[in-house]
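The basis for the numbers below is simple: all heavy atoms, side chains too, and nothing from hydrogens, waters or symmetry mates. Residue numbers run from 1 in the order of the sequence given.
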Amino acid sequence: MPDEKHCLALHVVVPDPTQRGENVEVLVLVDGRDILADAFAEGPGEDPRYLLVPDGPLTAASEPHEVRLAEAPCTEGCCGALYVTIQLDGDYVLWDGWRNPYEDEVDLPAFRFEAQEYRREVERATADRSWEWLAWTVARLLDKELQERADRLAGWECELGAVSAWPWEPDQVNVFLFHPSRSAFREDRPWLQFRMTLAVSSDDPADQAQSLAEQLVAADPRQAAEVRGGSPEFARQLGYPWPQRWRA
């Protein structure tokens, strides 16, 4: 174990809305140094919806666990990702076991953080919502509302995939659904992904999320959505037209 104690800082970075395709990321600083930029130039830091959640992956426990801190935009399987193993060891938290599946080794040392300081920083970053814009807040709350209505979605042969808000589309959220379920593509059965685009108003985000969730599950959401994934053959088998713009 390294003897030197380090300081962790976590910051959410929201890209310029004019940069279409750039997503929100978590910047990881150790002693003020951007370790992701130093060790993994292939892509951005992880999404705060994954890293910065209560009792999320950055939470340290006596049992070591691996956490992905960054991934290449073209996916990990193409150009790699950056992983670290996190473990609570007495009064300290250890980050070690750096790994990139695309490289033989990662040029980063082990880092040791004082456990109380580490926990305070993770909790602070998780609770900080000052960077959110209205659509992101609505998307975060809508995701929770739809998770609670999973049975009603299943009644329409749909499963929630994701709820997203993008900086270059500040006045809308996108809901992605799998039909008949997410497990279909793992089981080699026909499946489709649908996308719904929902407008966001200036109303209270929590009220909007609740109202949108109720509207979405009140009727078959596929009727108000567009096919965004799967295959032409799967669409034919499931009785849906494949988008013309995707045809060869």
Side-chain angles (χ1 to χ4, degrees), residues 10-27 43-57 71 73 123-179 181-182 191-230 240-241 243-246:
L10 303 166
H11 299 290
V12 176
V13 177
V14 179
D16 187 327
T18 63
Q19 301 299 310
R20 189 177 183 88
E22 298 292 326
N23 291 317
V24 179
E25 64 177 307
V26 177
L27 192 68
E46 271 290 352
D47 192 313
R49 291 173 298 182
Y50 162 67
L51 278 187
L52 300 180
V53 294
D55 300 318
E71 181 187 21
E123 291 175 349
R124 180 208 62 78
T126 299
D128 180 17
R129 303 290 181 185
S130 62
W131 56 270
E132 292 187 350
W133 63 98
L134 182 60
W136 181 285
T137 304
V138 172
R140 173 171 56 81
L141 297 174
L142 178 57
D143 183 275
K144 182 175 183 294
E145 294 281 351
L146 290 175
Q147 295 286 358
E148 294 173 353
R149 293 165 174 79
D151 289 347
R152 295 174 66 182
L153 280 176
W156 299 111
E157 294 187 284
C158 291
E159 182 178 346
L160 182 64
V163 183
S164 299
W166 298 322
W168 62 91
E169 295 175 343
D171 300 319
Q172 67 183 47
V173 300
N174 303 280
V175 178
F176 294 90
L177 303 169
F178 287 101
H179 165 68
S181 68
R182 187 192 296 265
W191 63 273
L192 292 173
Q193 184 190 60
F194 287 83
R195 173 187 172 186
M196 298 180 69
T197 300
L198 306 173
V200 171
S201 72
S202 58
D203 294 341
D204 178 76
D207 291 343
Q208 288 190 72
Q210 185 175 31
S211 176
L212 289 171
E214 280 300 315
Q215 293 175 34
L216 197 148
V217 300
D220 187 345
R222 293 166 293 179
Q223 301 304 312
E226 60 176 348
V227 174
R228 294 292 294 184
Y240 290 89
Q244 289 289 331
R245 65 183 180 276
W246 292 358

Measuring only between side-chain heavy atoms, which start at C-beta, is Arg149 closer than 4.5 Å to Glu214? yes
Which atoms form the tightest heavy-atom contact between Ala224 and Met196, and what is the distance? CB-CE, 4.0 Å
Has Trp156 got a side-chain atom pairing as donor or acceptor with Val217's backbone, closer than 3.5 angstrom? yes
Taking atom CG of Leu141 and atom CD of Glu132, what is their separation to the nearest 0.5 Å? 7.5 Å
Counting distance only, does the side-chain N/O of Arg222 pair as donor-acceptor with the main-chain N or O of Cys158 below 3.5 Å? no
So do Val12 and Asp128 actually touch side chain to side chain, heavy atoms under 4.5 Å? no
Leu198 versus Val138: any side-chain heavy-atom pair under 4.5 Å? no
Any sub-3.5 Å donor-acceptor pair from Glu159's side-chain atoms to Arg182's backbone N or O? yes
Under a 4.5 Å cut-off applied to non-hydrogen side-chain atoms, are Pro241 and Val227 in contact? no
His11 side chain vs Leu27 backbone, donor-acceptor pair below 3.5 Å: no
My understanding is that only one of Leu160, Leu153, Leu142 makes a side-chain contact (heavy atoms from CB on, under 4.5 Å) with Leu216; could you say which? Leu153
Can you tell me how far the CG atom of Leu10 sits from the CG atom of Leu51, to the nearest 0.5 Å? 8.0 Å
dist Asn174:CG -> Arg195:CZ (nearest 0.5 Å) comes out at 4.0 Å
Atom pair CG/OG of Leu134 and Ser201 - distance to nearest 0.5 Å: 7.0 Å
Is there a donor-acceptor contact under 3.5 Å from the side chain of Arg129 to the main chain of Thr137? no
Side chains of Trp136 and Val14: closer than 4.5 Å at any heavy-atom pair? no
Strictly distance-based, threshold 3.5 Å: is any side-chain N or O of Arg152 a donor or acceptor partner for the main-chain N or O of Ala218? no
Donor-acceptor pair, side chain of Glu25 and main chain of Gly45, under 3.5 angstrom: yes
Are side-chain heavy atoms of Val24 and Pro15 found at a separation under 4.5 Å? yes
Neighbour count above 12 (heavy atom, 6.0 Å) for Asp55 CG: no
So do Val173 and Val200 actually touch side chain to side chain, heavy atoms under 4.5 Å? yes
Any Gln147 side-chain heavy atom under 4.5 Å of Asp143 side chain: yes
Phe176 and Trp166 aromatic ring geometry - parallel, tilted or perpendicular at 30°/60° bounds: tilted
Heavy-atom closest pair, residues Leu192 and Phe194: CB-CE1, 3.9 Å
Let me confirm one number: the CZ-CG distance from Arg228 to Leu177, rounded to the nearest 0.5 Å. 13.5 Å
To the nearest 0.5 Å, what is the distance between CD (Gln208) and OG (Ser202)? 7.5 Å
